[in-house]
Engineer: 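My questions will all concern the structure given below.
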Amino acid sequence: HPTPALGSLDGDILTYEPTNDGASIVYVAREKIGKGLYVAQVDDPTSAVRLTGDDNLQINLALAPDSQRAAYCVFAPTHANNDLYSLPLDGSTSPVRLSGTLVSAGAVQPGFAFTPDSQRVVYLADAEVDGRFELYSALADGSGVPVKLSGTLVANGDVTSFRIAADSARVVYLADQDLDARPELYGAPVDGSSAPVRLNGTLPLSCQVRDDYLVSPDGASVFYRADESVLASPELFVAPIDGSAAATKLNGALPSGGLVDNFRLSVAGTLVVYHAKQDVSSRFDLYAVPADGSAAAVKLDGTLVSGGNVGGYALTDDGANVVFDADLAVNDRFEVFSVPSDASAAPVRVHPALSGSNDAGLLLLTPDGARVLYSLSNGPGTPANVFTTPRDASAAPVRLNETFLQGRGTRGLLVSPDSATVVYASDEEHDNRFELYSVPSDGSTPRVKISGLMTPQGGVEQTFRISQDSTHAFFIADRE
């Protein structure tokens, strides 16, 4: 944004979102009175245009995937409503209200989202009864009335979250719709053209579906965890998004006290990797299974030392390999390993074997899957430096940051979509003054500071981004 004229922009940038096309950035800023919504061209810092503003403009913001519209909320004090609006980013027409008429004290909740085709906005609101949150969708241009997507809720029931399918046809949501305090999974058309259907199987008393469910990239299936057999022992399932068939369990048999803790889906949606106490109830292992359940799950981490566990993990985009950290060889000494997702070979350590109190932890994979970023410390309470290494361990690791002094470190780390660059925030030069750095992902040249000069008490906030075309980094900072 440009340097503000006196009396106009007089406060912090509160939130921002780059458009998908990489051309613009949309942000909410505190003004002399109230807040304003602005759009600026990335390559022209004098181009900022104020789209709208209000004393009660909220900081929640969503952009259409086609980069044409923004959705935002404004609190209306008269009836204590939080209303949802949309406007075009070219400023060609005035804002339109999407949320219709809300009951007194009704409010649209944070987390509203455009459908991938940019035609609708899906949101949660207590539009009809104060405190009862239901799921709605509205045409993004405000040309129609909102439609309710969720079914009739039991007394005290609420919709708590939702996911939109990539084809924009259906929405999956979590709600205690049929029994209070028992969250279950439902699917409905995004236009409300038919009633929602329940996707999970019958749940025993006090059991529930967890909130980390995912929709497959093709929009045909939903993956979820639920304790459908034993209380507090969630398992992993896949179900058709339209409820046309019963859910299929993907994990193997669990021992008493076993559970599936979390899972990841490959980019193509054909493979699921999950973290579970499946072989024994005292150890977390890592497993991979075809997304359609056509074959049994295979264990990826080999044989762990007594007391060992798998920690974090990530899949390459092609789904062929999985990288994880674990105390595989020595109890409580975590190291980073790579393994084929079909378990056709044993895990390979991606860095030299550690000794003493050293610990490594997986940070990120580059999008092309070629390199692993990991942290390395000399034990609890010591600085964790950032290293890069080929995933196949074909070359020695390289440290990306300058050596951290005691008490210093990174606060956020991203890899550019083209896999070439790592951007991270660190107080490596000045204690507790975080600045932004860029470095090649292979560590071939030293890092450079890209955040410019800071005031003595200034710094970069953690919410920095990299543009989709990998050319720009966006950040909020108090530099002046």
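Residue numbers run from 1 in the order of the sequence given.
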Engineer: Looking at every non-hydrogen atom in both residues, tell me the closest pair between Ala70 and Leu63 and how far apart they are.
Structural biologist: CB-CD2, 3.6 Å

Engineer: Among Tyr287, Phe237, Tyr224, Phe223, whose ring-ring contact (aromatic ring centres under 6.0 Å, His included) with Tyr274 holds?
Structural biologist: Tyr287

Engineer: Under the side-chain hydrogen bond (donor to acceptor under 3.5 Å, both in side chains) test against Asn251, which residue among Arg225, Gln278, Glu235 passes?
Structural biologist: Glu235

Engineer: Is there a side-chain contact between Tyr72 and Leu57 (heavy atoms, below 4.5 Å)?
Structural biologist: yes

Engineer: Output the distance between atom NZ (Lys277) and atom CZ (Arg283), rounded to the nearest 0.5 Å.
Structural biologist: 11.0 Å

Engineer: Salt bridge check: are Glu228 and Lys249 linked by an N-O gap of less than 4.0 Å?
Structural biologist: no

Engineer: Knowing that exactly one of Phe474, Phe475, Tyr38 qualifies, which makes a ring-ring contact (aromatic ring centres under 6.0 Å, His included) with Tyr27?
Structural biologist: Tyr38

Engineer: Measure the shortest side-chain to side-chain distance between Pro196 and Tyr173 over non-hydrogen atoms and say whether it is less than 4.5 angstrom.
Structural biologist: yes

Engineer: Answer yes or no on whether Arg411 is positioned over the face of Phe464, meaning its NZ or CZ is under 6.0 Å from the six-membered ring centre and within 45° of the axis.
Structural biologist: no

Engineer: Tell me if a side-chain donor or acceptor on Ser47 pairs with a main-chain N or O of Gln41 at a distance below 3.5 Å.
Structural biologist: yes

Engineer: Can Arg163 be said to sit on top of Tyr213's aromatic six-ring, NZ or CZ under 6.0 Å from centre and within 45° of the ring axis?
Structural biologist: yes

Engineer: Between Asp325 and Leu362 (side chain of the first, backbone of the second, donor and acceptor by atom type, cut-off under 3.5 Å), is there such a pair?
Structural biologist: yes

Engineer: Do Lys299 and Asp279 sit within salt-bridge range, that is, some charged N less than 4.0 Å from a carboxylate O?
Structural biologist: yes

Engineer: As an exercise, state the distance from CG of Leu179 to CG of Leu205, rounded to the nearest 0.5 Å.
Structural biologist: 8.0 Å

Engineer: Determine whether a donor-acceptor pair (N or O, by modelled atom type, separation under 3.5 Å) exists between the side chain of Ser221 and the backbone of Ser216.
Structural biologist: no

Engineer: Which distance, rounded to the nearest 0.5 Å, do you find between the CZ of Arg182 and the CG of Asp176?
Structural biologist: 9.5 Å

Engineer: Is a side-chain donor or acceptor of Ser233 paired with a backbone partner of Gly258 at a separation under 3.5 angstrom?
Structural biologist: yes

Engineer: My understanding is that only one of Gln119, Arg120, Arg170 makes a side-chain contact (heavy atoms from CB on, under 4.5 Å) with Asp191; could you say which?
Structural biologist: Arg120

Engineer: Considering only NZ, NE, NH1 and NH2 on the basic side and carboxylate oxygens on the acidic side, decide whether Asp141 and Arg69 come within less than 4.0 Å.
Structural biologist: no

Engineer: Answer yes or no: is there an ion pair linking Glu31 with Lys35, defined by an N-O contact shorter than 4.0 Å?
Structural biologist: no

